[in-house]
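Below: one structure, written as structure tokens.
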Amino acid sequence: MNPLLNYPEYKSSKLVIDVGGRRFRFGSIGEKQVVLVMTGLGMLNAGVTTQLLLSLFDIEGVVHYGIAGNANPSLNIGDVAIPQYWSHSALWSWQRYGNGPDDTLPLEDSGDYTRDIGYLNIANYSTDLESDNLLNNIWYQPEEIFPVDGTPEERQHAFWVPVDSSYFTLAKTLESLTLEGCLNTTTCLSTPPKVTTVERGTSASIYLDNAAYRTFIYDKFNISPVEMESAAVALISYQQRVPFIVIRALSDLAGGGEHSNEADTFITLAANNSVKAAAEFIKLIPSTKKDVSFASI
């Protein structure tokens, strides 16, 4: 959070409210009132924090920012990726050994699970291509959701959760933003970083540092940023019908680099770039007549 607290455009009101283990800080970015809160690591923390935020305060929109791994070979470390859709990609039906794509999953007929989204065949990644794999297939599943304008206890499902369409259009104007390309006078990125809108990002409470899986999710789902919180923010905001967008700077190649994970080196640069993009985005949002706040989490 420090890069945002120290960002020149952020002005603190000194008001702080602590609730449920979270600290909500109040201030402004440009002419917009904002509430800042740290999600914490993983899907559970991010979901709880987002629900607290939207239950406690009158929030007009949610801007979630941070760093992420990169699964898109056309993007580079330091780039800021702004996806149009988010998914939670660690809700699975793990198929028993011996069953295959044509076999119905347990509870599929009752609507609890589906084969519509697709699966990962773990045997495809065996180093011994002549053998099978007892881990078999993992089938990706949508989340059960209960929107505030729906009927309680009547579930709906969502896998690709769209960000607010007007926010996404507005985010395209950030593509001319100049970002940091150097950590210091001797350590710089080989390619100047940029802001770009992309189709999809995904989250799971898993730190991904594996090139094979990184390539799989890009080829299957056209994933760019991959990280641990944004889908929870998306799912809660979507169910509460609050506009949201996610801005993630790429700190590493999610297992695709030639050497050790790059996040150890470029985390500070990526964090600064995500803050700059988020702050500049908030300043661009048209003002409303309501006296409300934007949340940056």
Side-chain angles (χ1 to χ4, degrees), residues 4 9 29-32 34-35 39 46-47 50 53-54 59-72 74-76 78-89 142-143 145 147-149 156-179 193-203 217-218 221-250 270 273-288 290 292-297:
L4 181 54
E9 296 285 347
I29 295 176
E31 299 180 353
K32 306 296 191 308
V34 293
V35 182
T39 61
T50 307
L53 173 76
L54 300 183
I59 300 298
E60 180 177 343
V62 172
V63 179
H64 180 55
Y65 74 94
I67 64 171
N70 175 33
N72 185 338
S74 68
L75 300 181
N76 300 290
D79 288 351
V80 172
I82 306 177
Q84 187 174 10
Y85 298 94
W86 281 91
S87 69
H88 174 207
S89 52
E143 288 274 3
I145 62 170
V148 292
D149 53 4
Q156 300 178 28
H157 290 93
F159 187 72
W160 294 114
V161 181
V163 306
D164 181 77
S165 59
S166 63
Y167 282 12
F168 189 70
T169 299
L170 190 62
K172 293 179 183 293
T173 66
L174 294 176
E175 292 182 345
S176 60
L177 193 65
T178 300
L179 301 175
K194 62 184 181 298
V195 178
T196 183
T197 54
V198 296
E199 184 181 17
R200 292 171 172 173
T202 196
S203 307
I217 60 173
Y218 175 75
F221 295 124
N222 194 27
I223 297 294
S224 293
V226 52
E227 39 81 283
M228 301 174 69
E229 295 86 22
S230 294
V233 177
L235 284 158
I236 297 298
S237 300
Y238 183 70
Q239 291 182 84
Q240 297 297 316
R241 301 306 193 217
V242 174
F244 75 94
I245 198 164
V246 177
I247 295 171
R248 286 278 183 168
L250 307 177
N273 282 346
S274 72
V275 164
K276 182 173 185 178
E280 295 305 311
F281 176 82
I282 289 172
K283 288 164 56 180
L284 291 172
I285 298 174
S287 298
T288 67
K290 293 176 62 181
V292 295
S293 299
F294 294 90
S296 186
I297 61 179

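Values reported hereafter were calculated over all heavy atoms of this structure, with side chains retained and with hydrogens, waters and symmetry mates removed.
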> Has F159 got more than 12 heavy atoms of other residues, nucleotides or ligands less than 6.0 Å from its CZ?
Replying inline: yes
> What's the spacing between I285 CD1 and E60 CD if we round to 0.5 Å?
Replying inline: 7.5 Å
> Is a donor on one side and an acceptor on the other found under 3.5 Å between the side chain of K194 and the backbone of D79?
Replying inline: no
> Taking side chain as C-beta onward, heavy atoms only, is L174 less than 4.5 Å from L284?
Replying inline: yes
> Is there a side chain to side chain contact (heavy atoms under 4.5 Å, CB included) between S224 and L75 once you walk through the steps?
Replying inline: CA-CA 8 Å; S224 293; L75 300 181; 4.0 Å; yes
> So which heavy atom on P286 is nearest to which on L170, and how close?
Replying inline: CD-CD2, 4.4 Å
> Just by modelled atom types, is the D149 backbone N or O under 3.5 Å from a matching donor or acceptor in the R241 side chain?
Replying inline: no
> Has the side chain of S274 got a donor or acceptor atom that lies under 3.5 Å from a matching backbone atom of I67?
Replying inline: no
>> Within this structure, what is the CG-CG distance for the pair N70 and L250, rounded to the nearest 0.5 Å?
In response: 4.5 Å
> What's the shortest heavy-atom distance between P225 and R248, and which atoms?
Replying inline: CB-CB, 4.4 Å
> Can you list the residues that meet the salt bridge (Lys or Arg N to Asp or Glu O under 4.0 Å) rule with K172, with sequence neighbours excluded?
Replying inline: none
> Taking the side chain from N273 and the backbone from G78, do they hold a donor-acceptor pair closer than 3.5 Å?
Replying inline: yes
> What pair of heavy atoms forms the shortest contact from I82 to V246, and how long is it?
Replying inline: CG2-O, 3.5 Å
> So which heavy atom on I145 is nearest to which on L235, and how close?
Replying inline: CG2-CD2, 3.9 Å
> Just by distance, with hydrogens left out, do S203 and S230 show a side-chain donor and acceptor under 3.5 Å apart?
Replying inline: no
> Atom CD1 in I247, atom CD1 in I282: separation rounded to 0.5 Å?
Replying inline: 7.5 Å
> Taking the side chain as C-beta and beyond, is there a heavy-atom pair between W86 and E227 under 4.5 Å?
Replying inline: yes
> Where do I29 and A279 come nearest, in terms of heavy atoms and distance?
Replying inline: CG2-O, 3.7 Å
> OH of Y85: more than 12 outside heavy atoms within 6.0 angstrom?
Replying inline: no
> Is the side chain of K276 donor-acceptor paired with the backbone N or O of T178 at a distance under 3.5 Å, no angle test?
Replying inline: yes
>> Return the CD to CG distance between Q240 and L54, rounded to the nearest 0.5 Å.
In response: 6.0 Å
> OG/S87 to CD1/I223 distance, rounded to the nearest 0.5 angstrom?
Replying inline: 4.5 Å
> So how far is it from D164 CG to T169 OG1, rounded to the nearest 0.5 Å?
Replying inline: 8.5 Å
> Will you find, in the side chains of E175 and T197, an N or O donor that is under 3.5 Å from an N or O acceptor?
Replying inline: yes
> Any idea which heavy atoms bring A171 and I245 closest together, and the distance?
Replying inline: CB-CD1, 3.8 Å
> Looking at H157, H88, Q239, which one forms a side-chain hydrogen bond (donor to acceptor under 3.5 Å, both in side chains) with E143?
Replying inline: H88
> Which residue, Y65, F244, Y167, forms the ring pair (Phe, Tyr, Trp, His ring centres under 6.0 Å) with F281?
Replying inline: Y167
>> Checking H64 against T50 for the side chain to side chain contact (heavy atoms under 4.5 Å, CB included) test, could you report, in this order, the C-alpha distance in whole Å, the side-chain angles of both residues, the deciding distance, and whether it holds?
In response: CA-CA 10 Å; H64 180 55; T50 307; over 6 Å; no
